[in-house]
Each structure stands twice: as structure tokens, then as C-alpha cells.
2 protein chains.
Amino acid sequence: MDSHREVALGVDLGGTKLQVALVDREGLVLASKRVATDVQGGPWAVRSQIVEAARESMAQGQAEGFPLGIGLGVAGQIESETGRVLFGPNLGWKDVPLGAWIREELGFPVMVTNDVRAAAFGEWKFGAGRGVQDLVCLFVGTGIGGGIVAGGRLLHGASNSAGELGHLVVEVSGPACDCGGRGCLEALAGGRALAREARRAVQAYPAAGARLLGMAGGNLEGITAKILIQAARGGDRLARDILAKAKEALVAGLVSIVHGFNPGRVVLGGGIVEGMDELVEELEERLKARAMKAATRGLELVRAELGGVAGAVGAAAMVLAEEGLPSAVSSKGLEV
Amino acid sequence: MDSHREVALGVDLGGTKLQVALVDREGLVLASKRVATDVQGGPWAVRSQIVEAARESMAQGQAEGFPLGIGLGVAGQIESETGRVLFGPNLGWKDVPLGAWIREELGFPVMVTNDVRAAAFGEWKFGAGRGVQDLVCLFVGTGIGGGIVAGGRLLHGASNSAGELGHLVVEVSGPACDCGGRGCLEALAGGRALAREARRAVQAYPAAGARLLGMAGGNLEGITAKILIQAARGGDRLARDILAKAKEALVAGLVSIVHGFNPGRVVLGGGIVEGMDELVEELEERLKARAMKAATRGLELVRAELGGVAGAVGAAAMVLAEEGLPSAVSSKGLEV
């Protein structure tokens with residue numbers, strides 16, 4: 001067994017893509033592989049994809065040493081002790097023993113966590129959150145998720161659900177959210193909600209919405225958050241109004257985050273953030289105007305740095321830090 | 001020096017009352033003293049009150065040993081490293097070096113923290129939060145405050161402001177809050193806000209508000225949250241409507257708390273909670289109907305147990321646990 005370097009495998013498993021990376025203690029990606037998730041094939045097919053991509057990455061990075069383990073960041077609700085994916089809406093999964101499957105196949109320690117929490121851990125260890133003891137990462141994409149570091153430790157919560165920041169309620173009687181609640185931040189500022197709202201507005205106000213509809217090739221269902229942002233950048237009034245409401249909600253959500261967790265830094269990432277120039281600066285200014293001074297002293301808002309590889313890097317980093325590794329499968333009990 | 005028992009002094013300093021207690025490692029109050037806070041006399045007078053009450057409690061509990069230190073839970077924003085009270089609105093204080101004053105006078109380690117956080121620590125160690133690793137305490141009184149335990153540790157935050165749960169935003173364009181923001185939980189469900197809203201409603205709807213006004217002796221300014229709750233209990237429609245809106249806000253706030261922190265237990269305390277029978281049960285039911293299942297698995301809502309002594313007991317318990325003790329004044333560096 002070659003081991004002149006301590007490395008781990010990290011996996012970011014989403015409904016669209018599967019990213020695997022071999023990562024060292026400095027966060028360097030030594031090998032990586034990215035494929036489209038075979039959602040149609042079901043859990044067992046995805047398991048095979050993970051195993052294959054993991055083996056390829058190991059072979060590619062062979063000279064770098066044998067992995068200490070594999071971390072899986074999965075889009076869904078995870079039971080960390082067992083490595084089960086309890087519910088993965090975008091994967092169409094319910095109660096999949098992914099951790100056990102992978103462990104059986106690869107024969108080394110497996111850690112399973114939520115994909116967003118893994119990404120937050122990655123940003124904390126190797127990205128825009130480096131060196132901060134109290135950190136919140138907020139990812140605003142199709143949905144909205146987060147990860148929390150408090151007092152130098154990643155928060156997991158009593159049932160492994162801490163950091164569901166997309167479901168902070170910012171409007172007590174607000175619109176229904178996909179989570180079953182209402183008025184959640186995600187229901188007001190997530191990409192899916194924005195696209196929905198844009199389509200609704202275009203139908204309600206055809207004249208004002210003509211440009212948006214045109215940008216989507218005349219196809220109502222083709223209106224996405226991305227198109228909405230482009231239209232707003234181009235000066236479209238309707239698009240701007242919709243985004244203005246979303247920004248209001250984001251400011252309110254950030255106020256709650258800052259008052260609840262009092263982070264020293266907030267890292268903002270995800271497609272919506274990446275798509276909008278100046279958004280982070282604007283949010284920081286408005287947040288500081290609205291929140292209590294004591295809670296924003298020294299606070300800074302910054303953009304995420306790791307991009308699409310954050311989840312895989314973070315999942316690997318969690319293994320290297322033995323973060324979230326169930327004791328039953330930790331490296332202490334490992335025989336290789 | 002007598003020390004067959006490890007004890008500490010705890011102080012709960014509010015704008016109305018000053019509670020001092022001598023507490024042992026089991027949370028037993030061995031001696032205590034409660035006086036009206038001499039807010040008029042200014043910080044120096046209050047300092048003397050604290051020192052005197054502390055000495056009395058020590059004398060009273062003399063046989064129990066010499067205190068390891070004194071913990072001060074103060075209604076305000078605290079700089080924990082220095083023990084300064086940066087801002088205490090109810091005390092009328094700004095930048096008062098209370099920690100240094102008390103240390104100089106009593107000659108033993110001093111820990112200064114926020115009063116609500118101290119009360120949360122008390123409930124965690126000796127009250128309704130015993131044995132829980134992920135706990136949120138929410139105190140709904142005149143204002144609303146909270147304290148967070150995550151992964152078995154009390155959260156402080158980057159600038160010692162974690163747990164300002166009264167200032168979670170639950171209504172993005174909601175009413176102005178005393179904190180300078182808007183739509184905060186406190187602005188919708190705190191006792192001060194409820195009284196304000198009741199007075200406004202009585203003025204706006206004199207007929208519907210006649211009973212409420214009568215209960216306050218015909219004096220608009222005499223309408224308090226307590227009277228509002230009494231009126232609602234007696235079946236008054238206006239009072240019930242006002243409280244119904246407040247409950248909505250509390251449910252929304254609890255949803256945010258549960259999604260953000262994922263506690264295994266939420267302890268509810270404070271005058272509003274104490275005044276309303278069945279409130280905790282109702283909130284638990286509505287919270288669980290609105291929040292994500294994964295985040296409420298195993299969650300229970302319970303009433304606070306320590307009542308008015310929680311802050312003093314908690315502040316003493318923090319000293320005994322060396323929680324929040326600045327290194328410069330910790331018992332390690334103590335000479336007595």
C-alpha cells in the first residue's frame with residue numbers, strides 16, 4: 001500500500017451530475033471524474049457509477065497514495081450513523097443504504113452527508129471560509145441550502161438536519177414551499193421559485209412579459225431563473241421587479257442568519273449568486289443596514305470560491321478530518 | 001478558606017430586578033437575594049448593589065464554601081473578553097466596564113454574559129433542557145430572546161451575539177422593530193409589541209376594544225400583554241385575533257429555528273408563555289405540521305422549569321463549567 005500522502009475520495013451526488021474527486025490534505029484535487037447521474041437507472045445503477053468513478057480516480061491518482069476513505073455528499077436527507085439516504089427528491093430515492101453498498105464494494109471507510117453541508121465544509125477548509133470559526137455558507141441555486149460552522153465545528157443538529165437555511169420562514173403567510181411549509185426563503189428566492197414566479201407574471205401581464213417570453217423562444221416553460229436574470233440585466237422591468245422581491249427575501253433571510261448564528265463571515269454561492277454581479281455587495285450593504293449592529297460587527301459577505309467541485313472536495317475533507325464519520329466505520333476500526 | 005463544596009455566585013441583572021444566587025454544582029440554590037435594580041442611580045450604584053447582594057449571599061451560604069467565581073448575566077450586549085456591557089437599553093447603559101469593577105471589588109473570577117444566554121445555560125444544565133446536546137431556549141416576555149446549545153456546546157458567535165432569536169425576520173415587510181429592523185419575531189409576538197398592537201386596535205375599533213379598555217381601567221396606556229392574554233382567555237374577540245397573529249409569528253419563528261439549528265428539544269419560557277395555558281402544546285402541533293419532517297424527528301417542545309431564577313443559576317453554572325470565562329480571568333490564573 002502506497003501512502004506517502006494522505007488522500008481521500010469525495011463524491012458530490014446530485015440529481016443531474018455526479019462528481020468524484022481524489023483530494024489531499026491541502027484540498028488539492030489530484031484526480032477527478034464527472035458524469036451525468038443515471039437517475040433513470042435507479043439507486044443500484046448510481047452505486048455502480050460511484051464505484052467506477054471512484055476506482056478511476058484512484059487509478060488516475062495512484063501515485064498519490066491509497067485513500068483513507070470516501071465521503072459522499074448526497075442531495076437529500078441522510079441518516080449519518082448508518083449512511084442511509086432517507087429521502088432524495090431530486091434522485092427519486094427513498095431509504096437507500098448507499099453507505100453500506102459503497103463500503104461493501106470499496107472496502108474502506110464511508111461517510112455520507114448532505115451535499116450542501118459537504119460543500120460548506122469544503123468552502124470552510126479550502127475555500128472562501130478559510131480560517132473562520134463562525135461561518136455560514138448559503139447556496140442559492142435551484143433550491144437554497146446552507147451549512148453552518150459554529151465555534152470551529154460543523155453543525156449537524158439532533159437529527160442531522162441543521163442548516164436547512166432555504167427553509168427559514170421570511171414571510172409568515174407567504175407562498176407555499178416545496179417543503180410543505182410556506183413563506184420559506186427558497187419559496188421566495190430560489191431559482192425554481194423565481195422561474196415559477198416569472199412564468200406566472202408573464203401569463204398575468206403579457207405585454208410587460210413579452211420580452212421575457214421572447215428570450216425563452218416564446219415557450220412559457222422555457223423561462224428559467226437564468227433567463228430572468230439575463231432579462232433583468234438587460235433592463236427588463238418585470239424581471240427587475242421579480243428579482244427585487246427575491247433580494248428583499250434574501251436580505252431578510254440573511255438578517256435571520258446573522259441574528260441566529262452571528263457568523264464572522266457568510267459565504268454566498270450557487271447559480272443565482274454566480275449569475276448576478278454586485279449581488280453580494282448589495283446584500284452586504286442592505287443586511288448591515290437592517291440587522292443589529294452587535295451582530296454584524298466585523299461581518300463580511302464573500303463569494304464562494306470552489307464552484308462546482310465544492311461538494312466533492314468538502315466530502316473528501318470531511319473524511320480526512322474524520323468529520324461526521326460514524327464510529328462504526330471510522331478509520332480507527334479499519335483493516336486494509 | 002472553606003471549600004468542602006464547589007459553589008459559584010450567579011447574578012441576573014435586568015432593568016427591573018437584580019437577582020443574586022449562590023449555586024452548587026448540582027444547581028442547588030444555597031442562598032439568594034433579590035432587589036429592585038437601582039437604574040436611576042446609574043452603573044456605579046448597581047455595581048454596589050451587586051457587590052452587597054453577593055456578599056450577603058456568601059455570608060448566608062458561608063458553610064458551603066468559597067465561590068469559584070461570579071457569573072453575571074446582564075440584559076444587554078456584552079463584550080465577553082473584557083466583561084464590558086456595550087449596550088444595555090433597559091438599564092440605560094453604554095460601555096460600562098462591569099466585569100472589571102466587580103472583579104476589583106470581590107477579587108475573584110468574573111464572567112459576564114447576556115442574561116438570556118445565562119438563563120438558557122441554566123435550563124440546559126439544571127432545568128427543562130437537561131441531557132440534550134442540541135437545544136434551543138426561547139424566552140417570550142416583553143422582548144424575545146434565546147440561547148442555543150449545538151453539539152453539546154453553548155453558542156456564542158463571532159461577536160458574542162448568537163441566539164438573538166427575537167430578531168429572526170418572519171415577515172419581510174413587517175412592522176418596525178425596536179432593534180431598528182422590521183418584521184422581527186419580537187415585533188410581532190413580544191409582550192411590548194402585543195401591548196402596542198392592542199392599544200392601536202382599541203383606538204381603531206373602539207366598540208370591539210371596549211372590554212380590553214375597561215380591563216385596563218379605561219386607561220389606554222394601561223393595556224398590557226398580560227391584560228390582553230386575560231381578555232383573550234375570557235373570550236374577547238379582539239384580544240383573540242391579536243394573539244392569533246402572534247401565535248402565527250411564533251410558529252414561523254419556530255420553523256426557522258428548527259430548520260436552522262435542528263434542536264432535539266425547544267424550551268419555551270418567559271411571561272407570555274407562562275401566561276398562556278396550552279400554548280406550548282399548540283405551538284408544537286402547528287410547528288410539526290409546517291416544518292420539514294426530517295427536522296422535527298424526535299423533537300419536543302417543553303416549558304422552562306427554572307422560572308425567575310434561571311438567569312442567576314445559569315450564570316453561576318457557567319462559572320462552574322468555566323463556560324465563557326475569558327482566559328485572562330479564568331480560575332487557572334486565580335490567586336485567592
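Throughout, a chain's letter reflects where its sequence line sits, starting with A, and its residues are numbered from 1.
Each of A:Ala150, A:Gly157, A:Gly146 has some count of heavy-atom pairs under 4.5 Å with chain B, and the biggest count is that of A:Gly157. Comparing B:Gly260, B:Gly166, B:Cys179 by how many heavy-atom pairs each has under 4.5 Å with chain A, the most go to B:Gly260. With chain B as the partner, the residue from A:Arg153, A:Arg182, A:His167 showing the most heavy-atom pairs under 4.5 Å is A:Arg153. Comparing A:Gly264, A:Ala295, A:Gly181 by how many heavy-atom pairs each has under 4.5 Å with chain B, the most go to A:Ala295.
Residue A:Arg265 does not touch chain B at all, counting heavy-atom pairs closer than 4.5 Å.
With values rounded to the nearest 0.5 angstrom, B:Phe261 atom CZ is found 14.0 Å from A:Glu164 atom CD. To the nearest 0.5 angstrom, B:His259 atom NE2 is 12.5 Å from A:Leu185 atom CG. Atom CG in B:Asn262 sits 9.5 Å away from atom CG in A:Leu155 (nearest 0.5 Å).
The two residues A:Val172 and B:Glu171 make their nearest non-hydrogen contact at CG1-OE1, 3.6 Å. Taking every heavy atom of both residues into account, A:Ala158 and B:Pro263 meet most closely at CB-C, 3.7 Å. For the residue pair A:Ala294 and B:Ser161, the shortest heavy atom distance occurs at O-OG, 3.2 Å.
With a 4.5 Å cut-off on side-chain heavy atoms, A:Val169 and B:Arg290 count as touching. A heavy-atom distance below 4.5 Å is found between the side chains of A:Arg297 and B:Leu86. Counting heavy atoms from C-beta on, the side chains of A:Lys293 and B:Gln77 never come closer than 4.5 Å.
Within 6.0 Å of atom NZ in B:Lys245, 12 or fewer heavy atoms from other residues, nucleotides or ligands are found, so the atom counts as exposed in its surroundings. Within a 6.0 Å radius of CD in B:Glu300, other residues, nucleotides and ligands contribute more than 12 heavy atoms.
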